[in-house]
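In what follows, a structure is listed as structure tokens, so that the remarks can point back to it.
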There are 2 protein chains.
Amino acid sequence: MSTTDRPSQYEKALRGLRTLILNGQFEANTRLAETALAERLGISRTPLRQAMDRLVEEGLLERAETGRCSVASFTMDDIIDAVELRGVIEGTAARLAAERGVEPALIEECREVLAKLDRATAHAGAIDFRAYVPLNLRFHALIAEMCASRIVQREIERANRLPLASPSAFLQGQEVAQDFLDTLPRAQEQHRSLLDAIVAREGARAEALAREHARLARHNLALALEAGPRLADRVPGLQLVSNH
Amino acid sequence: MSTTDRPSQYEKALRGLRTLILNGQFEANTRLAETALAERLGISRTPLRQAMDRLVEEGLLERAETGRCSVASFTMDDIIDAVELRGVIEGTAARLAAERGVEPALIEECREVLAKLDRATAHAGAIDFRAYVPLNLRFHALIAEMCASRIVQREIERANRLPLASPSAFLQGQEVAQDFLDTLPRAQEQHRSLLDAIVAREGARAEALAREHARLARHNLALALEAGPRLADRVPGLQLVSNH
DNA sequence: TGACGAAAAACTGTATACAGAATATCTTCA
DNA sequence: TGAAGATATTCTGTATACAGTTTTTCGTCA
């Protein structure tokens with residue numbers, strides 16, 4: 001179950017099926033048959049069903065009255081709301097961190113991440129995209145840690161699993177789009193302000209900044225859809241969004 | 001699977017096990033053995049395991065590295081954070097409802113519920129507790145509906161399942177406690193103001209009011225713990241909270 | 001007496017069989 | 001030709017068997 005053990009059949013099923021769905025191997029609303037899928041993934045139905053239950057929970061599958069599962073489809077509004085919610089919950093973590101105070105070690109690590117992000121985004125013409133993505137993820141994880149609440153942290157993880165809501169949802173395959181790259185320095189400025197607010201114990205400001213920061217993802221969704229179907233193949237899950 | 005069908009074994013397992021846990025049949029951190037539980041509930045291990053996975057997801061069970069499940073235990077801080085989060089997410093629903101506008105029929109139904117709640121709480125000395133609980137639940141469900149977002153609604157339902165976080169978590173077996181009954185008229189006034197704010201399209205006010213309203217639950221938690229172990233037997237799940 | 005280690009028991013993860021329900025196919029009749 | 005019904009196929013929900021771990025028990029030795 002951990003990093004060293006070889007993965008269980010359940011994990012194999014979860015990872016495999018999630019990858020199939022996000023990579024667009026099925027059209028939205030496709031009905032999935034357990035037997036066929038189990039064979040395709042090389043496992044039995046038992047762990048596959050476990051994985052399917054989990055993906056229903058995550059929102060990637062929908063279960064009909066009869067028990068059958070189909071691949072979910074999303075509207076623009078769904079994505080917008082999911083991003084809004086992620087912003088709200090991250091904002092709560094930021095506010096609680098500001099209100100309750102944060103361990104200095106976390107602040108310190110966050111400053112280091114910000115410095116590295118600075119280096120990656122300093123030159124608008126030559127942004128180091130490869131470095132950016134994991135650093136960005138780390139920054140957001142640190143904000144979650146700062147609230148020191150396992151309940152809030154748990155819900156942030158969940159909110160990030162909502163389809164296309166995670167901080168890195170639109171950071172895939174967009175390294176070519178210039179108008180997207182232009183948003184990265186702006187995002188980095190928001191990162192800095194957010195940490196400042198938390199350190200200064202300014203809860204309301206921290207919350208507002210986290211929310212506004214999430215709005216960038218909404219903007220990126222619009223950019224991604226403008227870019228046309230060419231991009232839909234490269235942003236995981238994007239082909240499950242209807243009307244485009 | 002629906003209301004008319006007889007419940008599936010999985011539903012039987014889910015309901016049965018959840019009831020056992022919330023009614024305090026197990027101490028916090030008790031390890032549960034699947035075989036024994038399945039026998040006790042009169043079903044096989046397969047649907048029981050499904051139910052246990054679900055309860056892990058809900059936070060009522062914890063799964064160890066080895067796969068074993070144990071009954072969760074909560075600290076005061078866990079409950080406080082869960083209530084805070086519920087307030088934040090309900091607040092988002094209220095704000096979105098205000099910002100985006102609400103179908104008149106929903107407003108109308110909400111007004112009727114408020115009127116009935118008025119009647120139930122009008123006389124501080126003779127509060128109709130039996131009527132209050134379902135009406136209160138209905139009011140909160142209506143707020144969730146008003147945002148007209150399946151994503152937000154979904155997360156509200158989830159937030160309500162967080163242990164002891166639901167709007168009615170502390171409305172069980174407290175009909176005897178006078179200082180608790182005293183909070184009900186205050187809650188009702190908040191209900192009214194919240195709907196007013198939504199109708200007036202005052203998003204920020206609606207959000208703030210929903211949050212403050214959730215804080216009442218926190219206050220009730222304190223009251224419940226003050227009341228001592230006598231009450232712990234009557235509020236489902238309360239015996240899973242440590243240090244009291 | 002107490003710690004260590006081996007054997008035994010119990011438990012979980014997974015595959016599989018089977019029954020009943022849902023779905024698809026085919027046939028019949030207007 | 002098209003709709004309706006019957007049959008056949010497929011699929012899901014559940015029970016159960018079994019293998020590999022984990023946990024417990026028991027006996028041994030210092």
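Every chain is numbered from 1 and lettered A, B, ... according to where its sequence line falls, protein lines coming before strand lines.
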Please tabulate, for side-chain N and O atoms in residues 163-170 of chain A, each donor-acceptor pair with protein atoms closer than 3.5 Å (sequence neighbours left out).
| unit_1 | atom_1 | unit_2 | atom_2 | d |
| --- | --- | --- | --- | --- |
| A:Ser166 | OG | A:Ser168 | N | 3.1 |
| A:Ser166 | OG | A:Ser168 | OG | 3.3 |
| A:Ser166 | OG | A:Ala169 | N | 3.3 |

Practice problem: Indicate yes or no: does B:Glu155 engage A:Arg158 in a salt bridge with an N to O separation below 4.0 Å. | Solution: yes
Quiz item: For B:Leu61 and C:dT12, what is the distance between atoms CG and C1' respectively, to the nearest whole Å?
Solution: 15 Å
N/O contacts under 3.5 Å, protein versus nucleotides 9-12 of chain D?
| unit_1 | atom_1 | unit_2 | atom_2 | d |
| --- | --- | --- | --- | --- |
| D:dT12 | OP1 | A:Leu32 | O | 3.2 |
| D:dT12 | OP2 | A:Glu34 | N | 3.0 |

Quiz item: Where the side chain of B:Ile43 is concerned, which of D:dT14, D:dA15, C:dT14 is the nearest nucleotide?
Solution: D:dA15
Quiz prompt | Interatomic distance, B:Leu37 CG vs C:dA10 P [rounded to whole Å] | solution = 17 Å
Quiz item: Closer than 4.0 Å, any side-chain N/O of B:Ser44 to the OP1 or OP2 of D:dA15?
Solution: yes
Exercise. Give a yes or no on whether a donor-acceptor pair under 3.5 Å exists between the nucleobase atoms of C:dT16, that is its base, and the side chain of A:Thr46.
Key: yes
Self-check item: Residues forming a ring-ring contact (aromatic ring centres under 6.0 Å, His included) with A:Phe74, sequence neighbours excluded
Solution: none
Quiz item: Whole Å only: how far is the OH atom of A:Tyr10 from the C1' atom of C:dT12?
Solution: 15 Å
Self-check item: Given A:Leu22, A:Leu17, A:Leu162, the one that forms side chain to side chain contact (heavy atoms under 4.5 Å, CB included) with A:Leu60
Solution: A:Leu22
Exercise. Using whole Å, report how far CG of B:Leu48 lies from C1' of D:dT16.
Key: 14 Å
Exercise. Considering only NZ, NE, NH1 and NH2 on the basic side and carboxylate oxygens on the acidic side, decide whether B:Glu34 and B:Arg40 come within less than 4.0 Å.
Key: no
Self-check item: Separation of atom CD in A:Glu65 from atom P in C:dT23, rounded to whole Å
Solution: 11 Å
Quiz item: Taking the inter-plane angle between the rings of B:His140 and B:His213 on a 0 to 90° scale, is it parallel (under 30°), tilted (30 to 60°) or perpendicular (over 60°)?
Solution: parallel
Exercise. Round to the nearest Å and state the distance from B:Gln9 atom CD to D:dT16 atom C1'.
Key: 14 Å
